[in-house]
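Heads up: the structure comes next, in structure tokens.
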Amino acid sequence: MAHSNDRAVWLKGPQAVCSAPPAGNGKAWRLVLLGAPGVGKGTQAELLAERLGSCHLSTGDVFRAARSLPAEERSPALNEAIACMQRGELVSDETVLSLVRERSTCLKCRGGFLLDGFPRTVPQAEALDGLLKELGVGLDAVVNYDLPIEAIVARLGGRRTCSQCKAVYHVTARPPRQEGVCDHCGGELIVREDDRPEAIRVRMETYERSTRPLIDYYAAKGLLRTVSAEGSVEEILERTLSALRVEAR
Ligand code: AP5
């Protein structure tokens, strides 16, 4: 399935129009992807979006897209969010939740959704439950990717991200066809500011303190599917599909 959706509503806000919204044939998968920073959630989300037709909704991508807005178009809350992200700290629940609520049409998208990087705290997860209830949709599963910390740090050290479409590469494990250039849109590949060693340390500590408790939260609801994130991206994709009981092609 071709994945040409530009996620405009999610990345730019409700005034935008998606260029190619998911077609909505077959099951609309509604998933949360959990796991430590750098475990490979964004990479798997891209592949799952192609395979399942669901839209990849990353809160980190929204903040990174907002950073390229002219200063006069950024609210004080958005400037504070961008500063938090650069330090590797979490953006406040209030800011994240208002951003997600503004984009709630994406949660009702006929193709389904893959939430990546949200929720990240128990209050965010509770708020998501309330929002989905209001919208009349439910989660199918929460995929928790698991990997030892040394492997995660190696993944973050080699990451390159497209400055335009946000596609994710790795210098050795997932290189682009042409060095420094995105395969999808030709955009420039850059190193994320929060992939500096001091920001990585803060992000890992924050994950342990604020996000890891979500594993128990979703296990208690019977939604958790833990998947090993070791091996190639294709192996992890197959493990994920099998955990979701999606039939092989
Ligand atoms: P966000 O953008 O969500 O970042 P993150 O959670 O830190 O996750 P990453 O994007 O770093 O990693 P990933 O798991 O997606 O891994 P990837 O696929 O890129 O958030 C950024 C910031 O925004 C936060 O720190 C916070 O400030 C703020 N924020 C966002 N949401 C928030 C929220 N809800 N609440 C509060 N604050 C929020 O893979 C990593 C690398 O590994 C890549 O180079 C990839 O090519 C490579 N790789 C992937 N798979 C493999 C493999 N199998 N083998 C080898 N290499 C691989």
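Numbering of ligands and ligand atoms starts at 1, following listing order. The basis for the numbers below is simple: all heavy atoms, side chains too, and nothing from hydrogens, waters or symmetry mates.
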Record the part of [X] in heavy-atom contact with ligand 1 below 4.0 Å; permitted values are side chain, backbone, both and neither.
X	result
Arg192	side chain
Asp195	neither
Asp194	side chain
Arg64	side chain
Val96	side chain
Ser232	backbone

Numbering the atoms of ligand 1 from 1, which are under 4.0 Å from a heavy atom of [X]?
X	value
Val168	19 (O), 43 (C), 45 (C), 46 (O)
Val233	50 (N), 51 (C), 52 (C), 53 (N)
Ala173	55 (C), 56 (N)
Glu89	26 (C), 27 (O)
Met85	22 (C), 23 (O), 27 (O)
Arg203	5 (P), 7 (O), 9 (P), 11 (O)
Gly42	13 (P), 15 (O), 18 (O)

| request: Go through Leu156 and Arg159 one step at a time and tell me if the side chain to side chain contact (heavy atoms under 4.5 Å, CB included) criterion holds. | output: CA-CA 5 Å; Leu156 287 175; Arg159 173 160 59 187; 3.1 Å; yes

| For the side-chain contact (heavy atoms from CB on, under 4.5 Å) test, which of Val143, Val246, Leu31 pairs with Thr240? |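 For Thr240, the side-chain contact (heavy atoms from CB on, under 4.5 Å) check succeeds only for Val143.
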
Would you say [X] has any N or O atom under 3.5 Å from an N or O of ligand 1, going by distance alone?
X	result
Arg120	yes
Thr59	yes
Ser58	no
Phe118	no
Arg174	no
Gly231	yes
Tyr169	yes
Thr43	yes

Answer yes when [X] and [Y] have at least one side-chain N-carboxylate O distance shorter than 4.0 Å, and no when they do not.
X	Y	value
Arg87	Asp194	no
Asp61	Arg7	yes
Glu193	Arg67	yes

Which residue from [options] reaches closest to [atom] through any of its heavy atoms?
atom	options	result
atom 8 (O) of ligand 1	Glu46, Gln44, Lys41	Lys41
atom 34 (N) of ligand 1	Gly117, Gly38, Ala45, Pro37	Gly117
atom 39 (O) of ligand 1	Ala229, Gly40, Ser92, Gly157	Gly40
atom 28 (C) of ligand 1	Leu237, Val91, Val39	Val91

| message | Would a single hydrophobic cluster contain both Ile152 and Val171, if residues Ile, Leu, Val, Met, Phe, Trp and Tyr are joined by side-chain heavy-atom contacts under 4.5 Å? | response |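 No, separate clusters.
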
| Hey, are Thr172 and His170 close enough side-chain-wise for a donor-acceptor pair under 3.5 Å? |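 Yes, a side-chain donor-acceptor pair sits under 3.5 Å.
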
| query | Is the count of non-hydrogen atoms from other residues, nucleotides or ligands lying under 6.0 Å from Gln15 atom CD greater than 12? | reply |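 For Gln15, atom CD is crowded (more than 12 foreign heavy atoms under 6.0 Å).
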
